[in-house]
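Some notes on the structure that comes next.
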Amino acid sequence: MADTKREIERKYEGSSAGGDTGLPDLTRVPGVAGVIDKGLAELDATYYDTADQRLAAASLTLRRRTGGDDAGWHLKLPVSEGVRDEVRAPLSDTVPRALSGLVRSRVRDAELVPLVRLLSARDVRHLVDASGALLAEVSLDRVHAERLSGGKGTADWTEIEVELADDGDPAFLDKVEKKLRKAGISRSSSPSKLARALGETGKKKKSATAEPEDTPVTAGDHVLAYLRAQRDAIVELDPAVRRDVYDSVHSMRVATRRMRSAFRSYAKVLDRSVTDPIGDELKWLAGELGVDRDQEVLTERLTESLDGLPRTLVAGPVRTRLRTWAHARRGGSRRRLIAVLDGSRYMDLLIALDALVTGPPLLEAAGGDPSKVIAKAVRKDYGKVAGLVGQALDLPPGIDRDTAMHEARKKAKRARYAAEAATPALGGPAADLVKSMKSLQTLLGDHQDSVMTREALRELSAQAHGAGENAFTYGVLYGREEQRAAAAEAALPGLWQAVEEQTAV
């Protein structure tokens, strides 16, 4: 069993200021009513990584620590500068599965081995307000580092750590820092104890999966930079998806779609005999990530529409019927998704993506001028969108128009992704196209959602009727969805005219 704690902290170089403790007087920090001595804790932490330090290269730390009030296994995941999520698991002799799964996209099949041992004597102070509530914990750590593998030697240093209390105001850390600076104490040059230990006890190795990031020059360079960003997004989002972090599943799904779209849009740059099989696997992964998601979106739309109705228009057990229907259609589960991420097929896909970006199957056009090669690909995608939008506008309302608008939406999404990849090379015109395609995609997406919602309402109405329930409300909601679809269709000509006027690629 693992739990997560959001950690907001800052590290400083140790100082002899303040006497034996190395800490200055913090009682005059604004908002601080008292400084409580919590005593000395002896901490013994062993940090684990692969032999080529894949976790360290991604700023991840995995340790087993004894001593203090949080003994156990800790995995620290970077969120932003000075902010990390610490996932904790109870003490055990081996890395807990709850944590090893969270680093699997980085580690793959490599073994996690003891890398560094840190022995710390931690002198702790609690800064509290007038009510006695904790504002921050300040500790002076005297650290001894021993290299266990990948190097030799030891290192010793002293550092000060200031960790914000749970739900505290990050601005309070600025007040503490101001006091520390006045005492001659400056920010640490190392982001973590592990980073400093690696730097002082042996040469830090570069991740085996990292690639040099040179400035893109050719068309191939630009396409590969975009693909590399999507590969990185999939790998980086893996722990968040496993932890069910909000929007992480959707974000990973988008990354898979961006890669597939780039394969098709830039087929003159990359050999499709290589990218097509990878694209098929990305489609499979997107499908697994999408299990339940489409149903959730549909249920949310129906629920919001129902909430917007006056009570006089709600007849029968509509909400109960909606919940029963949604539950019956739910086809996936968190357990299923985790099994997919733990499976060999997903690992093989990650390996294939690594191989693609490190040894890309470039075609002759890849060496061409991006202002020509990339622009031509974007124009081609835009032309497909234009054709489908024109077809939709020429059709009368009905199933054929619905289908044409749905196809136009899919092509608009591909054109948007192609323009995203082209923006570093083409600049403003490509960026403008991204915005235009996003607006078009939103309009067409709302229309398609209305089509799907009306299909769901017909199904719900039939079920209600068969159960002898009043189906009136479903008809009301159906009518409102028709109005939303009609509004989208009416807005399409004006939006498309604006898109055409703004398009300059």
Side-chain angles (χ1 to χ4, degrees), residues 247 250 253-254 257 290 293-315 318-319 321-322 325-326 329 381-417 419 432-462 464 470-503:
D247 203 44
H250 172 69
R253 196 180 184 193
V254 168
R257 288 171 170 172
R293 174 57 184 167
D294 294 337
Q295 176 63 27
E296 288 173 3
V297 171
L298 192 56
T299 302
E300 288 173 6
R301 185 179 177 104
L302 284 166
T303 301
E304 290 175 3
S305 297
L306 185 59
D307 289 343
L309 286 182
R311 290 185 179 181
T312 55
L313 296 181
V314 179
V318 181
R319 294 184 189 281
R321 172 64 57 189
L322 177 57
W325 171 83
R329 287 169 58 101
D381 279 345
Y382 174 76
K384 293 178 180 178
V385 176
L388 286 167
V389 171
Q391 179 183 343
L393 292 174
D394 289 339
L395 291 169
I399 295 178
D400 289 342
R401 175 184 274 191
D402 292 344
T403 301
M405 291 180 70
H406 181 46
E407 290 301 316
R409 173 180 175 247
K410 292 191 289 186
K411 291 298 187 293
K413 189 182 298 184
R414 183 189 299 182
R416 172 189 168 189
Y417 295 154
D432 290 342
L433 183 59
V434 171
K435 294 178 182 178
S436 296
M437 291 296 99
K438 187 175 182 179
S439 296
L440 179 63
Q441 180 185 331
T442 298
L443 177 71
L444 296 174
D446 188 61
H447 181 273
Q448 178 61 18
D449 286 346
S450 177
V451 172
M452 299 303 295
T453 303
R454 279 178 280 160
E455 289 184 6
L457 285 168
R458 282 194 291 269
E459 180 180 340
L460 282 163
S461 177
N470 193 325
F472 169 77
T473 301
Y474 305 107
V476 174
L477 294 174
Y478 191 97
R480 292 197 170 194
E481 287 296 339
E482 282 187 320
Q483 291 177 344
R484 293 180 69 169
E489 293 178 27
L492 181 58
L495 175 60
W496 182 246
Q497 182 179 354
V499 169
E500 288 188 307
E501 292 172 354
Q502 295 170 3
T503 301

Between CG on residue L388 and CE on residue M405, distance to nearest 0.5 Å: 11.5 Å
From CZ (R409) to NE2 (H406), nearest 0.5 Å: 6.5 Å
Test log, rule side chain to side chain contact (heavy atoms under 4.5 Å, CB included), inputs Y417 and V434: CA-CA 7 Å; Y417 295 154; V434 171; over 6 Å; no
Backbone N/O of M437 and side chain of R416: donor-acceptor pair under 3.5 Å: no
Nearest-0.5 Å distance that lies between atom CZ in R401 and atom CD1 in I399: 13.5 Å
Test side chain to side chain contact (heavy atoms under 4.5 Å, CB included) applied to L395 and T403, step by step: CA-CA 10 Å; L395 291 169; T403 301; over 6 Å; no
Value rounded to 0.5 Å, distance of CG in L495 from CD in E500: 10.5 Å
Working for side-chain hydrogen bond (donor to acceptor under 3.5 Å, both in side chains), residues R458 and Y478: CA-CA 8 Å; R458 282 194 291 269; Y478 191 97; 2.6 Å; yes
Residues L444, L492; criterion side chain to side chain contact (heavy atoms under 4.5 Å, CB included); working and verdict: CA-CA 8 Å; L444 296 174; L492 181 58; 4.2 Å; yes
Exercise: identify the closest heavy-atom pair between A456 and L298: CB-CD2, 3.9 Å
Spacing of OG belonging to S450 relative to CZ belonging to R480, to within rounding of 0.5 Å: 13.0 Å
Heavy-atom pair of closest approach, residues E481 and S305: OE2-OG, 3.8 Å
Exercise: identify the closest heavy-atom pair between Q502 and S436: OE1-OG, 3.3 Å
Min side-chain heavy-atom separation R319-L322 under 4.5 Å: no
Carboxylate-amine/guanidinium contact D449 R454, below 4.0 Å: no
Minimal non-hydrogen separation, P493 against A490, with atom names: CD-O, 3.3 Å
Check against side chain to side chain contact (heavy atoms under 4.5 Å, CB included), R414 and V385: CA-CA 9 Å; R414 183 189 299 182; V385 176; over 6 Å; no
Atom pair CG (L477) and CG (L309), whose distance is rounded to the nearest 0.5 Å: 5.0 Å
Contact summary for T473 and V314, nearest pair of heavy atoms: OG1-CA, 3.3 Å
Listed once per pair and sorted, the ring-ring contact (aromatic ring centres under 6.0 Å, His included) pairs that draw on residues 479-501, sequence neighbours left out: Y382-W496
Pairwise side-chain contact, T503 with D432, heavy-atom cut-off 4.5 Å (strictly under): no
Shortest non-hydrogen contact from A408 toward V389: CB-CG2, 4.1 Å
D381/K411 salt bridge by N-O under 4.0 Å criterion: no
Any donor-acceptor pair under 3.5 Å from T303 side chain to T299 backbone: yes
Short N-O contact, D446 and R301, less than 4.0 angstrom: yes
